[in-house]
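Encoded as structure tokens, the structure appears first; notes follow it.
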Amino acid sequence: MSNLSETDLHAYVDGQLDDARRVQVEAHLAHDAAATERVHLWRAQNEALRAIYNAVLNEPVPQRLVAARPSRGRWPQYALAAGVVGLAFGLGWMSHAYRSDRFAEAMALPRRAAVAYAVYAPEVRHPVEVGAEQQDHLVKWLSKRLGNELKVPLLTQQGFDLVGGRLLPDTKGPGAQLMYQDKKGQRITLYVSLRSAEPRDTAFRFSQEGEVAVFYWIDGKLGYALSGEMDRASLLAVASVVYRQLNP
Amino acid sequence: MESAEIIAHIPRLRRYARALAGDSQRADDLVQDTLERALVKFYLWRRGSDLRAWLFTIMHNVFINQLKARRELALDEAVEHGLQSPPQSDPFELRDLDAALRQLPAEQREVLLLVGLEQLSYAEVSKALSIPVGTVMSRLSRGRERLRTVMSGAATVTSLKAVK
């Protein structure tokens with residue numbers, strides 16, 4: 001057979017020839033060492049692929065896949081959810097703001113932290129003002145604006161790397177938000193709020209603000225709130241580390 | 001999940017996604033997005049046609065969109081400081097062949113895996129990826145050659161034999 005094409009060789013390797021053609025190809029291969037070598041190589045590639053990935057077939061299927069629901073895609077849905085949370089807060093804010101200029105002050109720390117989370121955590125392009133690669137500058141800048149030394153917890157052992165931070169308007173002037181992200185793109189934020197009332201401490205508290213879980217506490221002149229769109233137990237694991245690092 | 005028929009395909013979708021995407025987290029994200037999309041469009045699937053091939057078509061579209069998004073994100077990262085680089089594969093997965101697959105262009109990797117791993121016919125691959133059979137064959141040929149050179153440690157690929 002002189003008209004053996006490369007396509008024939010591929011199809012032979014992949015078992016996609018009819019019997020007649022296969023016999024022809026085999027006859028050709030008997031006296032074409034180069035073609036035979038390629039056939040062996042490609043066959044070995046196929047077998048190697050199955051050998052290393054077949055194990056996946058026997059893994060238990062993650063629950064999130066079995067429980068998949070119709071969706072236009074996770075990202076838009078996530079952004080939409082965060083947007084709705086933000087909008088709900090925003091409307092609440094507007095409807096009260098004209099009645100009391102002290103509303104913002106009355107709005108509790110975890111709520112303010114959750115709003116800030118809902119606004120910035122979905123940001124793709126501008127999640128932070130100053131990135132983690134300028135951490136020294138970030139710390140100096142935010143500490144100066146807050147008038148208090150800002151500490152940046154290290155959460156790499158919990159799987160979260162610092163993305164960066166930003167300055168926020170808070171009830172008494174400047175506030176700060178530090179953002180972290182894990183390998184899955186899941187984000188958490190640490191909201192730092194300046195208190196004007198007499199310094200006092202409060203223990204660790206939890207608040208569920210819509211989709212956003214928040215652990216918060218007050219340490220002297222600063223209030224802290226760790227926010228994330230995750231279950232309470234997972235966030236608690238991180239929050240307790242943050243708490244310990246800030247209150248050694 | 002509405003359809004037990006779709007559930008039955010999850011293990012094989014996961015196998016393909018793992019080989020395609022590299023790390024298991026990203027692969028399962030790909031499978032989840034595919035399932036969610038498939039359930040929205042399930043009424044479009046014609047009973048009697050190959051459900052698995054149809055799911056591969058959806059996964060291909062999701063995968064391409066993710067690649068685009070990641071490229072755009074990567075560009076943003078390069079231009080404006082701030083975000084972390086995308087997650088790396090787990091070290092234990094960086095076996096030779098798995099690592100070599102990452103060196104293939106996505107379009108060659110898809111064809112190589114659909115044929116070699118998933119054992120789809122060339123016609124099914126052509127349909128799943130919306131490309132002519134001739135293109136399937138040329139990508140398969142280039143993919144196999146590229147895999148060979150990468151596996152044999154050749155740093156540069158000077159002459160690739162392509163099939164028209």
Side-chain angles (χ1 to χ4, degrees), chain A residues 5-7 9-11 13-16 38 41-62 64-75 77 123-134 160-164 179-185, chain B residues 1-2 6-7 10-19 23-29 31-42 62 65 69 72-73 76 80-84 86-88 95 97-98 101 112-113 115-117 119 121-123 134 137 140-141 144 147-148 151 161 163:
Chain A
S5 70
E6 187 171 335
T7 294
L9 283 185
H10 285 292
V13 167
D14 296 319
Q16 301 198 23
R38 294 165 92 189
L41 175 79
W42 294 343
R43 199 169 264 159
Q45 287 180 346
N46 281 359
E47 284 162 7
L49 286 174
R50 285 172 223 144
I52 72 167
Y53 295 113
N54 273 354
V56 179
L57 294 177
N58 298 320
E59 290 175 6
V61 173
R64 68 172 168 128
L65 299 184
V66 181
R69 292 275 170 272
S71 161
R72 301 273 166 195
R74 191 176 23 257
W75 174 254
Q77 195 181 47
E123 265 294 334
V124 176
R125 293 187 176 211
H126 310 290
V128 296
E129 286 177 291
V130 178
E133 73 285 352
Q134 301 180 60
F160 287 92
D161 291 318
L162 184 70
V163 178
M179 187 177 294
Y180 296 81
Q181 180 171 298
D182 71 6
K183 296 239 183 296
K184 293 180 263 174
Chain B
M1 172 98 62
E2 291 165 16
I6 290 183
I7 289 187
I10 293 180
R12 294 177 79 177
L13 289 173
R14 289 186 77 226
R15 172 177 68 175
Y16 174 59
R18 183 78 57 90
D23 83 337
S24 63
Q25 182 64 41
R26 192 176 282 171
D28 279 343
D29 285 351
V31 174
Q32 185 172 349
D33 285 352
T34 300
L35 293 171
E36 289 171 351
R37 197 79 58 93
L39 288 166
V40 170
K41 296 180 163 185
F42 194 47
V62 171
N65 285 337
E72 281 159 20
L73 190 66
D76 285 346
E80 320 170 26
H81 57 83
L83 273 178
Q84 312 285 317
Q88 303 297 313
R95 284 176 271 189
L97 179 58
D98 191 66
L101 275 177
L112 192 69
L113 293 172
V115 171
L117 179 63
Q119 298 176 276
S121 73
Y122 301 148
M137 298 316 297
L140 180 64
S141 175
R144 281 176 164 159
L147 190 61
R148 184 188 69 74
M151 291 294 283
K161 213 171 182 179
V163 174

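Below, read A as the first sequence line, B as the second, and so on, with proteins coming before strands; counting in each chain starts at 1.
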Legend entry - Shortest non-hydrogen contact from A:Val61 toward B:Ile10: CG1-CG2, 3.5 Å
Nearest 0.5 Å please: distance from the [atom1] atom of [X] over to the [atom2] atom of [Y].
| X | Y | atom1 | atom2 | value |
| --- | --- | --- | --- | --- |
| A:Leu65 | B:Thr34 | CG | OG1 | 10.0 Å |
| B:Leu113 | A:Asn46 | CG | CG | 10.0 Å |
| B:Leu117 | A:Asn54 | CG | CG | 6.5 Å |

Legend entry - Heavy-atom contact with chain A under 4.5 Å, split by part of B:Leu101: side chain
Inset, instruction - Could you walk me through whether A:Asp14 and B:Gln119 pass side-chain contact (heavy atoms from CB on, under 4.5 Å), step by step? - result: CA-CA 7 Å; A:Asp14 296 319; B:Gln119 298 176 276; over 6 Å; no
Inset, instruction - Check whether any side-chain heavy atom of B:Arg14 sits under 4.5 Å from a side-chain heavy atom of A:Pro62, and report yes or no. - result: yes
Legend entry - Heavy-atom side-chain proximity of B:Val31 to A:Arg64 below 4.5 angstrom: no
Legend entry - Segment of A:Leu57 engaging chain B (4.5 angstrom heavy-atom cut-off): both
Legend entry - Contact origin within A:Ala11 toward chain B - heavy atom pairs under 4.5 Å: both
Legend entry - ring-ring contact (aromatic ring centres under 6.0 Å, His included) partners of B:Tyr16, counting only residues at least two apart: B:Phe56
Inset, instruction - Name all pairs fulfilling the salt bridge (charged side-chain N to carboxylate O under 4.0 Å, His left out) condition that reach into residues 41-57 of chain A, sequence neighbours left out, sorted by first residue then second. - result: none
Inset, instruction - Could you tell me whether a side-chain N or O of A:Gln45 sits under 3.5 Å from a main-chain N or O of B:Arg144, the two making a donor and an acceptor? - result: yes
Legend entry - Presence of salt bridge, B:Asp23 and A:Lys184, under 4.0 angstrom: no
